[in-house]
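Below: the structure, in structure tokens.
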Amino acid sequence: MSSVRSCFVETEDAVQTLVPGVVEATGCEVVGVHLGDVSRHGAALQLAAHTGLSPQECEACALLQPGEGLAGYALSTMRPLALGEGDRVPRGVRLAAWERGFATFACAPFQVGADHPGLIWALSRSRALDTERLLPTLQLAAEAVRQSVASQLAVESFALERDRYQQLAANVGDCFWTMYIEPQLRIALMSDGVQELTGYSRDRFIAEPSLWHEIVHADDRWALSRMLARVREGATKDVHYRLRIVRQDGELRWAHTRGRAVRDEMGLRIDAITSDVTAHVRLEEKVRRADRLSAVGMLAGGIAHEYNNLHFAILGTLDLLLMRDDLDDAIRQHINRVRDAAQRASEITNNLVAFARGGSGIRSVLDLSELVESTLNVVRKEFTTSGIEVETEFADRPTPVMANRAELGQVFINLIVNSRQALDDAPEKRLEVTTGIADDRVFARFADTGHGISPENLPRLFDPFFTTKGAAGSWLEDRTQSDAYLPGRGLGLSVAQTIVSEHGGEIEVESAPGEGAVFTVYLPLYEPEGGVIATDPMAANLRKGRILVADDEPSVRAVCRELLNRMSYDVTEASGGQEAVELLTRERYALVLVDLQMPDMDGLELIRRINEMPQRRRPAKLVITGVADEVAPEVCEELGIASTVMKPASLAELTEKVRLALSRGG
């Protein structure tokens, strides 16, 4: 009954005015109003007026409870009742009023809604009162009280719903609004969520309704105008649009509005909710970009396979020429120049595939210096055109690491992008890149001459979404596959640190304002079993044996044959998987080099056929492929593949992989 009690606090004066009027109209000494349930002590409001009573009689009337006797009977039946001393009293009803010296009793019950019963009652000592005239007067008074209570309850309910609405609007965070667009632009209702969305207060919008249109991005206003025109024409009642808005602080956000147009006596209005969907839009863009890159990755993989076949043949042939002792120095110089160009073309192909396809988590042995150099080459032109000098000092010995090429390439591109942006307005534009080995770790160091990093920002440098840059687009935006590369997103360094940590390494930062910044990536040094990889193919202690080369590309087979022949191996060629199976059934081989992509039978199927052979006839298996990460490590282990040779492989790499495969056997 708390809501009713609260309601009657507001209407008590009106009821107190009504009760004396009823006393005068009926001639009764006591008239009271009761609002509550039928129980004895459930009253929310109980008022009474007294005339001509002694203090003792007034006190006796105060003890009367409308929940008992004739009043309780009337409340339980909700029927009006008027009785004198001689009238028949309902059975079992206690005559509490008559016990206190009253001769006439009358009451008129009423109901407010489903939960609030009430009663107006009258008592008199006179036996001469006309109960038939008394009862209609009480019923009229009861109706007046009922209407007053119902009205106040409606006000109370409206206030409660309004409070709930405001609380809901505040908790949800979206902007609820009602805007009249005819006969003139006017905002009738707007929640406080509009300030979180736009930066402007609700009062500002109500005072300047046109501001709702002005904050829309200039390129999207035509869409809003078109939608409003359709609503005015009656072509649609549904309001549904997503567009960009410019906040008061200049930040660009995406807003999604959904609502309905309604025409009432005041004009044409739109009731709607507007939500900030910026995070959702960014996620959608990432998904779309991932889909595009997936398709590009498939295409790039096919292209890389064909290009790397050509690169393998070119580089292999050039290596064979360079092994001749009768070459003129000038000719040797020309051949080396051609070989460098072919190697560069191969690196570009592999870089494009790596960046398009992204990391798959598969790791292999990489030379850190080579990866840093190839990454720099991707963006070197941008540095040159921006007037940035790039100085490099690579280690004078191999810097092997076990890593995922695409993921580690992403780390280096992020650090290079950071340096590029730090040098935009620097007085001296220089980036120094160094690689080397320190104890049991290899490192890549990127030192720029930019403005440096303030001490308060250094501890937060690797926090996700922390950035000191603007949100504008990037010079590298069209050259990368992830928002992690773009400035102003605060993800690049966070992603870089995560990748390096997963590789067992760390990133160190040294910087001070005005002194540039130095980022150093440390990774564990990879040490292969059996010692250092041989770099001189002719000096390696090679095991003699027959080798079968299965590849559908004639130039690849020819280069492999001649290279392996020079290492005293007896080489047989197979133009496809089926021919290789036939040769293996007739002859015994120590090793099979298998191309994965062949038209009649792919390489994995050929390897499965080999594994079905008797153990004594089963050769070692070495995969040769032009697409990185084409075979997962677990598949290699399951099929007994010794290793993988990436086209275009150098003579040194091919020699080492053949040696290891032969030492392992089938």
Side-chain angles (χ1 to χ4, degrees), residues 166 168-179 185-187 189-225 227-228 239 241-259 270 272-286 417-418 421-422 424-425 450-477 482-495 513:
Q166 292 176 345
L168 175 64
N171 291 338
V172 169
D174 291 341
C175 173
F176 299 80
W177 52 272
T178 293
M179 179 186 297
L185 193 65
R186 179 174 64 88
I187 295 177
L189 174 68
M190 183 164 280
S191 69
D192 290 331
V194 72
Q195 184 152 0
E196 175 66 24
L197 175 65
T198 68
Y200 296 97
S201 68
R202 177 181 60 180
D203 294 340
R204 174 77 178 275
F205 278 101
I206 293 176
E208 303 175 39
S210 61
L211 182 61
W212 191 248
H213 293 172
E214 294 169 4
I215 63 172
V216 175
H217 191 278
D219 294 341
D220 293 346
R221 287 175 186 166
W222 68 271
L224 179 61
S225 299
M227 185 277 300
L228 292 176
V239 176
Y241 59 88
R242 186 169 73 176
L243 44 72
R244 292 166 293 176
I245 63 170
V246 182
R247 281 174 45 88
Q248 187 178 29
D249 57 10
E251 182 184 356
L252 197 66
R253 289 193 182 180
W254 282 93
H256 179 219
T257 298
R258 55 203 181 278
I270 296 176
I273 301 174
T274 299
S275 308
D276 186 342
V277 293
T278 306
H280 182 71
V281 171
R282 289 175 179 170
L283 180 60
E284 285 180 345
E285 177 57 31
K286 287 184 179 181
V417 167
N418 264 18
Q421 293 157 356
D424 269 341
D425 55 353
H451 295 290
I453 305 167
S454 62
E456 62 269 20
N457 287 334
L458 271 175
R460 304 177 57 196
L461 206 58
F462 295 100
D463 290 350
F465 304 108
F466 173 74
T467 178
T468 59
K469 306 164 190 170
S474 168
W475 63 279
L476 203 60
E477 183 167 5
S482 168
D483 274 355
Y485 300 115
L486 304 185
R489 306 297 176 89
L491 290 175
L493 291 179
S494 175
V495 170

Measure the spacing between CG of Leu252 and CD1 of Ile245 and express it to the nearest 0.5 Å. 8.5 Å

Nearest heavy-atom neighbours spanning Gly193 and Cys175: C-CB, 4.1 Å

After noting the C-alpha distance and the side-chain angles of Arg202 and Ile187, does the key distance pass the side-chain contact (heavy atoms from CB on, under 4.5 Å) rule? CA-CA 10 Å; Arg202 177 181 60 180; Ile187 295 177; over 6 Å; no

When you compare the side chain of Arg221 with that of Leu224, does any pair of heavy atoms fall below 4.5 Å? no

Supply the atom-to-atom distance Glu214 CD to Glu208 CD, rounded to the nearest 0.5 angstrom. 7.5 Å

Please examine the side chains of Thr198 and Leu211, heavy atoms only from C-beta on, and report whether any two atoms are closer than 4.5 Å. no

Within a strict 4.5 Å, meaning less than it, do heavy atoms of the Thr178 and Ile270 side chains meet? no

Within this structure, what is the CZ-OG1 distance for the pair Arg242 and Thr257, rounded to the nearest 0.5 Å? 11.5 Å

Is any side-chain heavy atom of Leu243 less than 4.5 Å from a side-chain heavy atom of His217? no

Heavy atoms only: give me the nearest Ala255-Thr274 pair and the separation to one decimal. CB-CG2, 3.8 Å

Looking only at heavy atoms, which two atoms of Asp174 and Ile273 are closest? And how far apart? CB-CG2, 3.7 Å

Between CD1 of Ile215 and NE2 of His213, what distance do you get to the nearest 0.5 Å? 9.5 Å

Stepwise, does the side chain to side chain donor-acceptor pair (under 3.5 Å) test hold for Thr278 with Asp276? CA-CA 6 Å; Thr278 306; Asp276 186 342; 2.7 Å; yes

Can you check whether Glu196's main-chain N or O pairs, donor with acceptor, with Arg247's side chain at less than 3.5 Å? yes

Rounded to the nearest 0.5 Å, how far does CE of Met190 lie from OG of Ser201? 10.5 Å

Any side-chain heavy-atom pair of Ser275 and Arg258 under 4.5 Å: yes

Please tell me if the side chains of Val194 and Arg204 come closer than 4.5 Å, counting only heavy atoms from C-beta onward. no

Looking at CZ of Phe176 and CG of Asp192, how far apart are the two atoms once the value is rounded to the nearest 0.5 Å? 11.5 Å

Residues forming a ring pair (Phe, Tyr, Trp, His ring centres under 6.0 Å) with Trp212, sequence neighbours excluded: Trp177, Phe205

